Amino acid sequence: MVNYKDLGLVNTKDMFKRAIAGKYAIAAFNFNNMEQMQAIIQAAVETKSPVILQVSSGARKYANQTLLRYMAQGAVEYAKELGCANPEIVLHLDHGDSFELCKSCIDMGFSSVMIDGSHFPYEENIALTKKVVEYAHQFDVTVEGELGVLAGVEDDVVAEHHTYTQPSEVVDFVSRTGVDSLAISIGTSHGANKFTPAQCTRDANGILIPPPLRFDILEEIEKEIPGFPIVLHGSSSVPQDLVAQINHYGGKLVDSIGIPEEQLRKAATSAVCKINIDSDGRLAMTAAVRKVFVEQPGEFDPRKYLGPARDTLKALYKLKLENVLGSAGKLAK
Ligand SMILES: [Zn+2]
């Protein structure tokens with residue numbers, strides 16, 4: 001049993017409180033390997049931003065849970081080495097699907113877990129979430145629950161349609177489970193194909209414009225639970241220049257559409273204090289790797305393509321922290 005505090009990690013409590021009061025949001029970036037971890041930490045340090053390192057159950061299978069845990073511990077020391085005296089780094093389980101998985105992560109030094117019971121009937125979601133909260137809070141680990149279901153595909157999490165969060169349920173859910181934050185469904189979705197062209201309109205240049213997020217539902221939720229930390233999953237913007245670069249260098253991404261950044265900026269000024277971004281990072285790395293493979297086909301040193309992939313990812317994440325989330329310069333000290 002390892003407590004995250006011994007690893008130099010923090011839970012989400014204090015950073016969320018400050019984010020809501022300061023009208024910005026904390027980024028949760030997923031990681032599966034060293035280059036992604038380096039890019040996230042470099043971006044966070046250079047922008048003086050608190051950050052959430054997020055691990056999905058797919059990442060645990062891919063990279064090994066022990067390695068990920070030590071990488072997060074290494075991330076804290078790395079941030080200090082890069083000049084950040086008091087980094088605020090959360091190690092968070094994304095989409096935990098069972099009590100056992102959440103417990104195992106907490107026992108291994110995670111400072112925050114998500115228990116996603118959103119696909120269960122309401123009462124089952126409450127019972128499962130409450131059980132995780134009761135265990136996690138013994139160790140001061142924060143817990144994110146979810147009400148409503150996002151459409152799209154993210155590792156093992158798949159749903160065909162949105163089920164929007166019902167504002168009438170949030171007070172009951174939050175008070176009976178004791179969760180520290182709540183993921184909601186207001187029109188964001190997982191993956192790089194968040195909408196079909198049929199769901200979108202086109203602007204004067206023929207560019208697809210996705211349907212707006214349901215800010216009306218968000219406002220109703222905020223009225224029910226004022227000041228309570230809200231989380232948005234599936235919030236990549238799918239930058240079209242990255243999609244174009246991937247396709248230019250031999251990729252085949254079709255109908256890739258994300259959430260416009262100005263909508264995320266607007267959400268960040270509300271009680272939304274955690275915004276999950278994964279697909280954009282995948283696109284950035286893929287675009288950079290494809291470019292090297294096409295332009296330098298004789299190259300076979302992994303550092304020569306993973307290095308540019310890491311640099312592209314870091315640049316993207318810095319822009320997100322500065323221009324979309326607004327968390328730059330928001331470290332406590
Ligand atoms: Zn998610």
Side-chain angles (χ1 to χ4, degrees), residues 12 16 19 25-32 36 40 51-63 68 90-98 101-102 105 110-120 125 128-129 132 142-165 170 173 177 179-195 210 213-214 217-218 221 229-238 256-259 261 263-264 267-268 271-283 317 320 324-325:
T12 59
F16 282 179
I26 309 294
F29 297 132
N30 290 70
F31 85 113
N32 308 267
Q36 290 168 329
I40 297 167
V51 76
I52 298 170
L53 283 174
Q54 204 161 253
V55 173
S56 66
S57 56
R60 275 168 55 102
K61 274 182 226 149
Y62 174 82
L68 288 171
V90 174
L91 178 60
H92 175 79
L93 170 68
D94 193 19
H95 289 286
D97 59 357
S98 68
L101 175 59
C102 292
C105 286
F110 280 58
S111 59
S112 180
V113 293
M114 175 193 195
I115 176 68
D116 180 2
S118 62
H119 47 286
F120 290 125
N125 186 1
L128 176 62
T129 304
V132 171
T142 40
V143 179
E144 174 185 325
E146 177 164 336
L147 267 181
V149 179
L150 271 67
V153 182
E154 183 193 30
D155 287 355
D156 301 337
V157 183
V158 182
E160 213 158 299
H161 303 287
H162 293 293
T163 308
Y164 293 122
T165 306
V170 297
F173 185 84
T177 58
V179 280
D180 302 282
S181 61
L182 182 67
I184 61 167
S185 172
I186 56 165
T188 60
S189 58
H190 292 130
N193 296 70
K194 298 192 186 298
F195 306 97
L213 297 180
R214 291 291 302 272
I217 299 178
L218 174 60
I221 291 169
I230 302 292
V231 177
L232 284 188
H233 281 242
S235 296
S236 282
S237 295
V238 189
S256 302
I257 305 164
I259 311 295
E261 289 191 334
Q263 295 205 25
L264 297 171
V272 169
C273 59
K274 172 173 178 271
I275 294 185
N276 292 3
I277 297 168
D278 187 9
S279 295
D280 285 355
R282 298 181 183 198
L283 293 170
Y317 283 165
K320 297 277 183 193
V324 184
L325 286 293

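Just so it is clear, the structure is predicted and the values come from calculations on it, not from any experiment. All ligand and atom numbering here is 1-based and tracks the order in the structure.
- Listed here is the closest heavy atom pair of Ser235 and Ile277: O-CG1, 3.7 Å.
- Formation of a donor-acceptor pair under 3.5 Å by the Asn125 side chain with backbone atoms of Glu146 is found in this model.
- Although no hydrogens or angles enter the test, the distance criterion places a donor-acceptor pair under 3.5 Å between the side chain of Asp180 and the main chain of Val143.
- Side-chain N or O atoms of Ser185 include one that pairs as donor or acceptor with a backbone N or O of Thr163 at under 3.5 Å.
- Residue-and-atom listing of protein N/O/S atoms under 2.8 Å from the Zn ion (ligand 1), sorted by chain and number: His95 NE2, Glu154 OE1, His190 NE2, His233 ND1.
- For the side chain to side chain contact (heavy atoms under 4.5 Å, CB included) with His92, the lone residue among Cys105, Ser112, Ser111, Ser56 that qualifies is Ser112.
- Exactly one residue among Glu144, Met114, Lys274 makes a side chain to side chain contact (heavy atoms under 4.5 Å, CB included) with Ser181. That residue is Glu144.
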